[in-house]
Amino acid sequence: MKHWLYKSEPEVYGIEHLRRDGTTLWDGVRNYQARNNLMAARIGDRAFFYHSSAKPPGVAGLMEVVETRVVDPTQFDPESKYFDPASKPGDPRWITVRVQYVEAFEQFLALPFLRQTFTAKQLPILARGNRLSVTRVPPATARRLLDLTGSTERS
DNA sequence: GCCAACGTTGGC
DNA sequence: GCCAACGTTGGC
């Protein structure tokens with residue numbers, strides 16, 4: 001089982017929205033590297049929910065991947081801000097996953113704390129200039145994060 | 001609001 | 001294929 005980190009702005013869609021919805025389609029990713037990471041997810045993988053552009057930003061909760069390689073419908077919707085006129089229904093460009101709520105962490109981990117605790121190698125989003133919205137979290141880092149958050153999944 | 005770090009686009 | 005211009009992300 002792999003661990004990932006998915007970013008979203010909590011004012012747009014945060015862990016509390018997911019708690020309410022139960023599951024959601026992680027749509028709107030329009031970066032090829034991030035998409036490739038989404039395509040590498042397998043059912044049962046866990047994803048840390050990262051609140052970006054928040055005050056403060058940080059790791060807020062945990063999700064489980066429940067459906068993989070889902071065609072992102074917003075690419076074909078002219079009304080959507082994620083509409084991609086170059087993507088063809090027979091050859092969709094944007095593929096994503098469905099995620100399910102696992103928990104909102106008792107202990108939110110703010111970015112300054114993450115910087116104190118991990119190196120950029122341990123947690124790729126800390127790398128200078130890293131703007132990728134979907135990244136892998138190495139197993140050792142995932143374990144430490146789960147411990148630090150008081151997750152129900154801690155070992 | 002600013003800026004760094006990229007990714008994308010389009011002219012040539 | 002190069003590269004300048006432009007757009008986006010996201011922290012500060």
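Please read all numbers here as calculations on a predicted model, not as lab measurements. Note: hydrogens, waters and symmetry copies are ignored here, and every other heavy atom, side chains too, is used. A note on names: the letters A, B, ... follow the listed sequences, proteins ahead of strands, and every chain is numbered from 1.
- Of the candidate nucleotides B/dT8, C/dG11, C/dT8, B/dT8 has the atom lying nearest to any side-chain atom of A/Tyr32.
- Nearest nucleotide to the side chain of A/Asn31, out of B/dG7, C/dC12, B/dA4: B/dG7.
- Scanning atom types as modelled, no donor and acceptor separated by under 3.5 angstrom connect the side chain of A/Arg30 and the base of C/dT8.
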- Where do A/Asp84 and A/Arg93 land on the salt bridge (charged side-chain N to carboxylate O under 4.0 Å, His left out) test, with the steps shown first? CA-CA 9 Å; A/Asp84 181 356; A/Arg93 191 174 285 190; 3.6 Å; yes
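- The cationic group of A/Arg98 does not satisfy the cation-pi geometry with A/Trp26, failing either the under 6.0 Å distance to the six-membered ring centre or the 45° limit from the ring axis.
- Rounded to whole angstrom, the span from the CG atom of A/Leu126 across to the P atom of C/dC12 amounts to 10 Å.
- Following rounding to the nearest Å, A/Tyr50 (OH) and C/dG10 (C1') show an atom-to-atom distance of 8 Å.
- When the C1' atom of C/dT9 is taken as reference, atom CD of A/Gln33 falls 14 Å away, rounded to whole Å.
- Between the side chains of A/Arg46 and A/Ser151, no donor N or O sits under 3.5 Å from an acceptor N or O.
- As a whole-Å value, the separation of A/Leu114 CG from C/dG11 P is 11 Å.
- Rounded to whole angstrom, the span from the NE2 atom of A/His51 across to the P atom of C/dG10 amounts to 13 Å.
- Among the nucleotides B/dA4, C/dT9, C/dC12, the one closest to the side chain of A/Arg115 is C/dC12.
- Considering only side-chain N and O atoms, A/Arg131 lies nowhere under 4.0 angstrom from the phosphate OP1 or OP2 of B/dG7.
- Taking each heavy atom of A/Lys121 and A/Pro124 in turn, the nearest pair found is O-CD, 4.4 Å.
- Under the 3.5 Å distance criterion, with hydrogens and angles disregarded, a donor-acceptor pair is assigned to the side chains of A/Asp21 and A/Tyr13.
- Protein atom CG of A/Asp84 is 13 Å distant from nucleotide atom P of C/dT8, rounded to whole Å.
- Nearest nucleotide to the side chain of A/Leu111, out of B/dG7, B/dA4, C/dC12: C/dC12.
- Look at OH on A/Tyr82: it is 12 Å from C1' on C/dT8, rounded to the nearest Å.
- At whole-Å resolution of the value, CD in A/Glu11 and P in C/dG10 are 14 Å apart.
- OP1 or OP2 of C/dG10 sits under 4.0 Å from a side-chain N or O of A/Lys7.
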